[in-house]
2 protein chains.
Amino acid sequence: MPSKLAPDFGLGPPATGRRRELLDAAADVVAHGGLRALTHRAVDAQAGLPEGSTSSSYRTRLALLTALMEHIAWLMAHRIEAARTRIADIPAQEHEQWVEEIVALAVDLAKQPRLVRVQAELTLEAVRTPELRLTFAPWRGRFLDLVGRIAEAVTPGVVEGRVETVVAAFQGVLTTSLIQPDDERAAYVERGTRQLLALLEQQPPQA
Amino acid sequence: MPSKLAPDFGLGPPATGRRRELLDAAADVVAHGGLRALTHRAVDAQAGLPEGSTSSSYRTRLALLTALMEHIAWLMAHRIEAARTRIADIPAQEHEQWVEEIVALAVDLAKQPRLVRVQAELTLEAVRTPELRLTFAPWRGRFLDLVGRIAEAVTPGVVEGRVETVVAAFQGVLTTSLIQPDDERAAYVERGTRQLLALLEQQPPQA
DNA sequence: GAGAAAGCACTACACCTGTAGAGAAAGAAG
DNA sequence: CTTCTTTCTCTACAGGTGTAGTGCTTTCTC
């Protein structure tokens, strides 16, 4: 029983203790220097642990990479799940409030550029590393589901790919927000998110 | 006079000859293995040239990186500029056709996943490397301008950040398209692009 | 054709990286 | 306390990597 509060995101239990320490350090390393800088020894140094510590817990680089992705996915899934829970308590008629929840989630994420950076970096890496894609799939699924539920309430009816587009677009807004000045990032993301959510109000073209 | 056909994108002249060869190889390397794989010797090997060739033209890694970004920016700017030219010939009333041009541009890009990948990778790198950001700025400016012009024609009036959101979102759709199967990518991007362009039809909220 | 300039191929070298293994330390089980 | 097991630390090593230097070609310029 690794943690009593942690719900199961289809991701396995979160890392604890020494491993958690290492993965947090690894995230810092990536946020700072990109995936290129992610080496066993760099993580050791960032964590302030003796050389070999990372190599000992995660023998190969792929193992480290996979664990890091799980860690990040878990951190994000945690936030998404919280939003889902809050939304579940709001009756369907008041879907304006649902939108506010999504916006709050977006702004929350925008305030964690470190997380966003690492996530973007790992997502790109996942394009070519199937093991990583498997790890991100459940997280992505949750997010799609969350947005999909809201879409259905706001404008019932199937618009092909509507939800996928909004989620992909949201990724783009989050990533682009990284090049905004620190003090404008949250506002930038909030504005973008509101505009994107308007897409959910689109009626099915002709049906 | 490096090239008689190349317009000036504020990016300097495109690479030719040996350098062009090297940069094309570098793009392949990055598309294949990510920025992590971008080393002088990997480019030599990909280009089928003797070791030292890349190191000779681009002494430091940053030099290589900057040149690659210019190269990619040039390739993309080329396409964007072509679309801008075509759009300039269409009268403003027929802005449905403008939209079609943008969609065609998007689909064209989607069919070059190699280019998209490298661009995404470099964009992320640019977040932390100011030299690179300078190179991408003009390209991004052109794109913003292109979309902005269309926005103005479709729905006059200022909607704060409307164009930035669409461009950022488009980036997201393009990047996400990389994890789509090859034969669905173009359709995915086309659908997403059409949906995003609908954002340009939004009226200013209350004005 | 002689000389200069530029580009090119090759080599050298200090440092970094991934991975493995061997022993020390710490804790659990008997 | 003894033994077993797990985790941690440290070291080793076979490559890979960034960068600089050094002559060799080729290509202009006069």
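Predicted, not measured: the structure shown is a model, and the values here were computed from it. So you know, we letter chains A, B, ... as the sequences are listed, proteins then strands, and number each from 1.
- Counting distance only, with no hydrogens placed and no angle test, the side-chain atoms of B/R19 and the base atoms of C/dG7 include no donor-acceptor pair under 3.5 Å.
- Between the CG atom of B/L49 and the P atom of C/dG7 there is a distance of 16 Å, given to the nearest Å.
- Using a cut-off of 4.0 Å between Lys/Arg side-chain N and Asp/Glu carboxylate O, A/E100 and A/R194 are scored as salt-bridged.
- Proximity note for B/R59 (side chain, C-beta onward) versus D/dG21, C/dA9, D/dT19: the nearest is D/dG21.
- When both distances must be under 3.5 Å, the Watson-Crick or G-U wobble mate of C/dC8 is D/dG23.
- Between A/E51 atom CD and D/dT11 atom C1' the separation is 10 Å, expressed in whole Å.
- Side-chain proximity of B/R36 to C/dA20, D/dT9, C/dT17: nearest is C/dT17.
- Side-chain contact between A/L64 and A/R59 is absent, with no heavy atoms from C-beta onward closer than 4.5 Å.
- Taking atom OH on B/Y58 and atom P on D/dT19, their separation rounds to 15 Å, with Å as the unit.
- Of the side-chain N and O atoms in B/S53, one or more sit less than 4.0 angstrom from OP1 or OP2 of C/dA9.
- The NE2 atom of B/H40 sits 14 Å away from the P atom of C/dA9 (whole-angstrom rounding).
- Computed from coordinates, the B/E21 CD to C/dG7 P distance equals 16 Å when rounded to whole Å.
- Closest-nucleotide positions on DNA chain C for A/L62 and B/S55 were compared, and the one nearer the 5' end corresponds to B/S55.
- Here the side chain of B/S56 is nearest to one of C/dT19, C/dC8, D/dG18, namely C/dC8.
- Rounded to a whole Å, the CZ atom of A/R18 is 12 Å from the P atom of D/dT7.
- With hydrogens and angles ignored, the 3.5 Å screen pairs no side-chain donor or acceptor of B/S53 with any backbone N or O of B/L49.
- You'll find the side chain of A/I90 stays beyond 4.5 Å of the side chain of A/R86, heavy atoms only.
- One N or O donor and one acceptor, one from the side chain of A/R41 and one from the base of C/dG18, sit under 3.5 Å apart.
- Nucleotide D/dA20 holds its P atom 15 Å from the CZ atom of B/R61, rounded to whole Å.
- Ring geometry for A/H78 versus A/W74: interplanar angle under 30°, hence parallel rather than tilted (30 to 60°).
- We find that CG of A/D44 is positioned 9 Å from P of D/dT9, with the value rounded to whole Å.
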